[in-house]
Amino acid sequence: MSDVNISIVIPTYQEVENIPLIAAEINTALAGESFEIIYVDDDSQDGSFDAVAKLSHEIPARIIVRTEERGLSTAVIRGIDEAVGKYIVVMDCDLSHPATAIPHMVEKLKTNEADFVVGSRYVEGGSFDEDWGFLRLLNSKVATWLALPLCHVKDPMSGFFSFERERLGSTKDLAPTGYKIGLEIMVKGEFASPAEQPIHFKDREFGESKLDFKEQLLYLKHLRRLYKFKFPTASEFLQFGLVGGTGFIVDSLIYFGLQLFLGLNHTVARAISFWPAVTWNWFWNRTVTFTDRDKSKKLTQWLSFVMTSLGGFAINFGSYTLLTEYVPFFIEKPFMAFIIGVIMGMGFNFMAARVFVFRE
Ligand code: GDD
């Protein structure tokens with residue numbers, strides 16, 4: 001059993017100036033604690049290795065240099081795998097996260113006040129440098145709102161967080177895309193009571209931020225996967241609904257286009273436009289909504305999708321007709337019957353798609 005209590009994992013890429021500065025801050029903040037600092041560097045070749053070797057004479061620190069893998073999130077996972085402490089703290093190297101917050105974060109874990117603690121800019125007492133431009137702020141806010149249903153903290157994007165190692169289990173189940181490894185750990189680990197420690201987030205003085213547009217796209221992809229993990233049926237239903245919505249647009253455009261440009265009669269146009277629309281829906285449900293499911297035989301799958309869509313339409317139309325013909329309440333309110341028909345038809349389509357068309 002190791003006597004190291006706290007492992008601080010710091011992903012680094014070209015942070016040679018910051019490496020000794022953050023180590024000194026941590027050393028002061030954790031005086032009297034048994035801790036280790038693990039830098040996980042992606043072969044920066046800027047002297048980072050020597051910088052850690054030098055400071056390790058005075059501060060318990062080591063560096064892992066990766067040459068075959070790249071990226072912040074996988075670097076953090078590697079650091080967690082190497083860590084021996086009971087408590088893990090993950091933070092940036094660029095001094096934007098105050099080391100003085102670490103003892104408070106770990107204290108919350110030790111006293112069981114929380115099982116996951118985020119260094120937060122957005123709780124009372126938290127702040128960030130004023131010179132964030134409008135776009136950066138908007139970007140950060142939107143990204144945060146999108147993640148809120150997944151966790152119960154106000155700053156889920158934070159790269160500064162701590163937790164008890166035992167509660168995460170194996171890191172093999174983590175599948176990080178992009179930057180947001182903290183969010184993924186929070187969602188996938190056994191964490192029931194997250195908490196936030198207010199911090200002042202300082203803009204970096206040395207080096208450059210590596211968060212670019214590509215990272216933002218990866219973030220959306222990452223969110224989609226986390227939603228799927230946490231709310232599997234609801235997220236499939238939402239995607240199925242979105243695909244259905246775009247299919248409705250395809251259907252309408254072709255329906256009107258055929259009449260307007262080819263002078264076809266509306267019944268013929270209706271009968272034709274169904275096919276590209278149903279094919280559109282099948283394709284996007286196959287590639288997006290049910291991406292992890294059966295990808296076998298396109299033609300038979302398409303045929304069974306068409307059959308279930310026709311079944312859904314029959315239920316939609318049938319329930320509409322029954323309600324408006326035989327139920328006095330709906331005779332006066334046909335639009336309500338229309339809505340009920342749509343919901344029933346879509347419900348049937350969704351269930352049939354899950355059970356028959358895109359089998360697990
Ligand atoms: N090993 C490794 N590999 N480290 C990396 C890589 C990489 O590819 N890219 C970045 N890092 C390290 C940096 O050296 C730094 O220590 C830390 O990860 C954060 O990188 P920055 O590039 O400084 O990130 P940022 O300031 O734009 O973003 C920060 O704020 C976000 C919230 O606004 C980070 O804390 C994010 O995690 C956080 O979500």
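Residue indices begin at 1 and follow the sequence shown. Just so you know, ligand 1 is whichever comes first in the structure, and atom 1 is the first atom listed for that ligand. Heavy atoms only: backbone and side chains are in, while hydrogens, waters and symmetry mates are out.
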> If we set the cut-off at 4.0 Å for heavy atoms, which region of Gln14 has an atom near ligand 1: side chain, backbone, both, or neither?
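Near ligand 1, Gln14 shows nothing, with every heavy atom at 4.0 Å or more.
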> Can you find a non-hydrogen atom of Arg121 under 4.0 Å from ligand 1?
yes
> Contact between Gly71 and ligand 1, counting heavy atoms under 4.0 Å?
yes
> Please determine if Glu15 has a nitrogen or oxygen closer than 3.5 Å to a nitrogen or oxygen of ligand 1.
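N/O-N/O distance under 3.5 Å: yes.
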> So, Glu82 and Arg66, do they make that salt bridge, N to O below 4.0 Å?
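Here Glu82 does not pair with Arg66 in a salt bridge, since their nearest N and O are not under 4.0 Å apart.
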> Where does Phe201 meet ligand 1, judged by heavy-atom distances below 4.0 Å: at the side chain, the backbone, both, or neither?
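Near ligand 1, Phe201 shows its side chain, while the N, CA, C and O stay back.
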> If I take atom OG1 from residue Thr324 and atom CD1 from residue Ile331, how far apart are they, to the nearest 0.5 angstrom?
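Result: 7.5 Å between the selected atoms.
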> Looking only at N/O atoms, are Asp41 and ligand 1 under 3.5 Å apart anywhere?
no
> For a side chain to side chain contact (heavy atoms under 4.5 Å, CB included) check, start with the C-alpha distance between Asn349 and Phe240, then their side-chain angles and the critical distance, and finish with the verdict.
CA-CA 9 Å; Asn349 276 343; Phe240 191 80; 4.0 Å; yes
> Could you tell me whether Tyr13 and ligand 1 have an N or O pair separated by under 3.5 Å?
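Among all N and O atoms of Tyr13, at least one is under 3.5 Å from an N or O of ligand 1.
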> Parallel, tilted or perpendicular: which describes the rings of Phe191 and Phe163, with under 30° parallel and over 60° perpendicular?
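The rings of Phe191 and Phe163 stand perpendicular, inter-plane angle above 60°.
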> Is the closest heavy atom of Arg66 to ligand 1 under 4.0 Å?
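No, Arg66 has no heavy atoms under 4.0 Å from ligand 1.
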> In sequence, state the C-alpha distance, the side-chain angles, and the governing distance for Ser158 and Asp155, and then conclude on side chain to side chain donor-acceptor pair (under 3.5 Å).
CA-CA 6 Å; Ser158 177; Asp155 196 355; 4.6 Å; no
> Does anything in residues 307-321 pair up under side-chain hydrogen bond (donor to acceptor under 3.5 Å, both in side chains), and if so which pairs, sequence neighbours excluded?
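Checked against side-chain hydrogen bond (donor to acceptor under 3.5 Å, both in side chains) - neighbours excluded - no pair reaches residues 307-321.
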> For Phe290, enumerate each residue passing the ring pair (Phe, Tyr, Trp, His ring centres under 6.0 Å) test, keeping only those at least two apart in sequence or located in another chain.
Phe358
> Residue-level breakdown please: for Val40 versus ligand 1, do any non-hydrogen atoms fall below 4.0 Å on the side chain, on the backbone, on both, or on neither?
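The backbone, only.
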> Please state which part of Ala75 comes within less than 4.0 Å of ligand 1, counting heavy atoms only: side chain, backbone, both or neither.
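The answer is the side chain of Ala75.
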> Kindly confirm or rule out an N or O of Met157 lying under 3.5 angstrom from an N or O of ligand 1.
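Yes; the residue has a nitrogen or oxygen that sits under 3.5 Å from a nitrogen or oxygen of the ligand.
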